[in-house]
2 protein chains.
Amino acid sequence: MPELPPHHPPVGRSKPAERIRAAGARATPARIRVLELLTAAASPQSHHEIELALGADSLDRVTLYRVLDWLVEAGLAVKHVDERRVWRFALASGGEHGGHAHFRCDCCSRVYCLDVPAPQPPDLPRGFTLARAELDLTGRCAVCNRSVK
Amino acid sequence: MPELPPHHPPVGRSKPAERIRAAGARATPARIRVLELLTAAASPQSHHEIELALGADSLDRVTLYRVLDWLVEAGLAVKHVDERRVWRFALASGGEHGGHAHFRCDCCSRVYCLDVPAPQPPDLPRGFTLARAELDLTGRCAVCNRSVK
DNA sequence: TTGTACTTGCAACAGCGTTGCATTTGCATC
DNA sequence: GATGCAAATGCAACGCTGTTGCAAGTACAA
């Protein structure tokens, strides 16, 4: 069996299987596929979207839920509730997940992370202190606009 | 029929029934009770909590859902999803509800509607169309800042 | 290669919210 | 007051997202 390369890559960039084992769990196909998928995703994904992305030979519904929960528990992913009350999962990137806006398509529900010039803190009433500001946009995404035209 | 008092009280402080009619709907017992309850509530309430608060002769589950949705649609209340994926409703206190900026206090959970100069629609990617923009702010409100000082 | 604890798949379930439809009711009008 | 009708309510059934229990399968350490 070939040895690991002598220089261990930083956790954040190592291969999915390695990251999973490093978290103390078995590197199963299910976990590897989901982790790869989240790594490639440009925005937070819902359970349903991941199922679709996995395509034909998808995992069992429940297994996917458990894999996602494990990823969160292991600190490899983060989850949050979207405006439709569904969990969305994103790779846990070290930095703050702020400073950018989210666009949610009314049509397909996809969420896009936008690079916008930081929503500028408006004037708050006297005595208020701001901790976080998030800009949430909704509308139709390019994909849906194209298909319905 | 008695006329309205010559000096119209500010919308935010008029009686529930008046506020409901002012929004162009019928002042039914259901809406009045729920609006009163939200007015008295110190923090955003869930559907279930409101049901309990209404006590013995509660409304029908579905009616309560509809009343709450109507309050939001009418701009008298705001709703948001909590960490358990349930809707929580709060009185829309603050300025005229035209601007779509909300401030939620991390401490007391109260929700304030802010009058801000409409968040500037950022440049969307090609093909995207914007329907709504909402600015969600969190931090500490004046009340909490004062009391903890 | 083997044993075992960890994972998976399946079935059944639970919570929260929604839809359809017949009945009731607020309120504008007479 | 009485009356008519759109708006609002109550009830039943449903849907979606997520969870639990348990038997069968599998990664991996030894």
Side-chain angles (χ1 to χ4, degrees), chain A residues 1-4 15-35 44-52 54 56-74 76-77 79-89 104 106 108-111, chain B residues 1-4 15-35 44-52 54 56-74 76-77 79-89:
Chain A
M1 178 204 280
E3 281 299 281
L4 287 175
K15 291 219 278 241
E18 293 169 21
R19 303 186 61 190
I20 291 165
R21 274 188 280 259
R26 291 186 187 168
T28 64
R31 294 212 251 246
I32 293 172
R33 291 178 69 193
V34 174
L35 185 51
Q45 303 287 299
S46 68
H47 175 276
H48 183 59
E49 288 165 353
I50 295 174
E51 256 190 320
L52 293 180
L54 289 176
D57 53 353
S58 175
L59 307 171
D60 177 75
R61 256 167 44 79
V62 178
T63 300
L64 179 51
Y65 275 117
R66 292 202 261 235
V67 165
L68 290 169
D69 282 343
W70 179 83
L71 286 171
V72 171
E73 202 183 334
L76 297 177
K79 70 174 179 180
H80 69 97
V81 212
D82 77 3
E83 280 309 302
R84 294 225 172 126
R85 302 192 325 116
V86 307
W87 289 114
R88 301 200 89 91
F89 300 83
R104 190 173 45 76
D106 287 328
C108 67
S109 296
R110 255 185 289 244
V111 172
Chain B
M1 177 206 278
E3 282 298 282
L4 286 176
K15 290 220 281 241
E18 293 169 22
R19 304 187 60 190
I20 291 165
R21 274 187 280 259
R26 292 185 185 168
T28 63
R31 294 213 252 246
I32 294 172
R33 290 178 69 194
V34 174
L35 185 51
Q45 304 287 299
S46 68
H47 175 276
H48 184 59
E49 288 165 352
I50 295 174
E51 256 192 320
L52 293 180
L54 289 176
D57 53 352
S58 176
L59 306 171
D60 179 75
R61 256 166 45 78
V62 177
T63 300
L64 179 50
Y65 274 118
R66 293 202 259 234
V67 165
L68 289 169
D69 282 344
W70 177 84
L71 285 171
V72 171
E73 202 183 335
L76 297 177
K79 70 174 178 179
H80 69 96
V81 201
D82 76 5
E83 280 310 301
R84 282 201 294 260
R85 303 193 321 117
V86 305
W87 288 115
R88 304 201 85 92
F89 300 83

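Just so it is clear, the model here is predicted, and its values are computed rather than measured. Computed from heavy atoms alone, side chains included, the values below leave out hydrogens, waters and symmetry copies. Numbered from 1 within each chain, the chains take letters A, B, ... in sequence-line order.
Looking at heavy-atom distances under 4.0 Å, B/Asp69 makes contact with sugar-phosphate atoms alone, never a base. At the heavy-atom level, B/Trp70 lies nowhere under 4.0 Å from the strands shown. At a threshold of 4.0 angstrom between heavy atoms, the contacts of A/Val86 are confined to the sugar-phosphate backbone, with no base atom among them. Residue B/His47 is classed as a sugar-phosphate contact, given heavy-atom separations below 4.0 Å to backbone atoms only.
Whole-Å rounding puts the A/Leu54 CG to C/dG9 P distance at 11 Å. For the pair B/Phe89 CZ and C/dC16 P, the interatomic distance rounds to 13 Å; values are reported in whole Å. Look at CD on B/Glu73: it is 12 Å from P on C/dT18, rounded to the nearest Å. In this structure, CD of B/Glu49 is placed 15 Å from C1' of C/dG15, rounded to the nearest angstrom. For the pair A/Arg85 CZ and C/dC16 C1', the computed distance is 5 Å after rounding to whole Å. One can place CG of A/Leu64 at 12 Å from C1' of C/dT8, the figure rounded to the nearest angstrom. For the pair A/Arg61 CZ and C/dA12 C1', the computed distance is 11 Å after rounding to whole Å. Rounded to an integer number of Å, the gap from B/Gln45 CD to C/dC16 C1' is 17 Å.
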Next on the checklist: Assess the residue pair A/Arg104 and A/Asp106 against the criterion (side chain to side chain contact (heavy atoms under 4.5 Å, CB included)); give the C-alpha distance rounded to whole Å, side-chain angles, the decisive distance to 0.1 Å, and a yes or no.
Outcome noted: CA-CA 6 Å; A/Arg104 190 173 45 76; A/Asp106 287 328; 4.2 Å; yes

Item to check | Worked check of side chain to side chain contact (heavy atoms under 4.5 Å, CB included) between B/Lys79 and B/Phe89 | outcome: CA-CA 4 Å; B/Lys79 70 174 178 179; B/Phe89 300 83; 3.6 Å; yes

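The minimum heavy-atom distance between B/Leu54 and B/Arg33, with the atom names listed, is O-NH2, 3.1 Å. Smallest separation of non-hydrogen atoms from A/Arg31 and A/Arg26: NE-O, 3.1 Å. Smallest separation of non-hydrogen atoms from B/Val86 and B/Ser46: CG2-CB, 4.4 Å. A pairwise comparison of heavy atoms in B/Ala30 and B/Val67 identifies CB-CG2, 4.0 Å as the closest pair. The shortest non-hydrogen separation linking A/Pro44 to A/Glu49 is O-OE1, 3.9 Å. Nearest heavy-atom pair, B/Ala17 versus B/Ile32, reported as atom, atom and distance to 0.1 Å: CB-CD1, 3.9 Å.
Where the helix from C/dT1-D/dA30 to C/dC30-D/dG1 starts and where it ends, the local axes point in directions that differ by 40°; five pairs per end, rounded to 10°.
Of the residues listed (A/Val111, A/Val81, A/Ile50), the one engaging A/Arg88 in a side-chain contact (heavy atoms from CB on, under 4.5 Å) is A/Val111, and it is the only one.
Nearest-nucleotide assignment on DNA chain D puts the 5′-proximal partner with B/Ala30, out of B/Ala30 and A/Lys79.
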Checklist entry - If the sugar-phosphate is the primed atoms plus P, OP1 and OP2 and the base is the rest, what is the B/S/- string for nucleotides 21-26 of chain C, using protein heavy atoms under 4.0 Å? => result ----BB

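Running 5' to 3' along DNA chain D, contacts with non-hydrogen atoms of chain B at under 4.0 Å begin and end at D/dA6 to D/dG18.
Put simply, B/Tyr65 has a side-chain N or O that comes within less than 4.0 Å of OP1 or OP2 on C/dG17.
Under a 3.5 Å cut-off, the side chain of B/His47 and the backbone N or O of B/Arg61 do form a donor-acceptor pair. Side chain of B/Arg85 to backbone of A/Arg85: a donor-acceptor contact under 3.5 angstrom is found.
Taken to the nearest 0.5 Å, the CG atom of B/Asp60 stands 8.5 Å off from the CD atom of B/Glu51.
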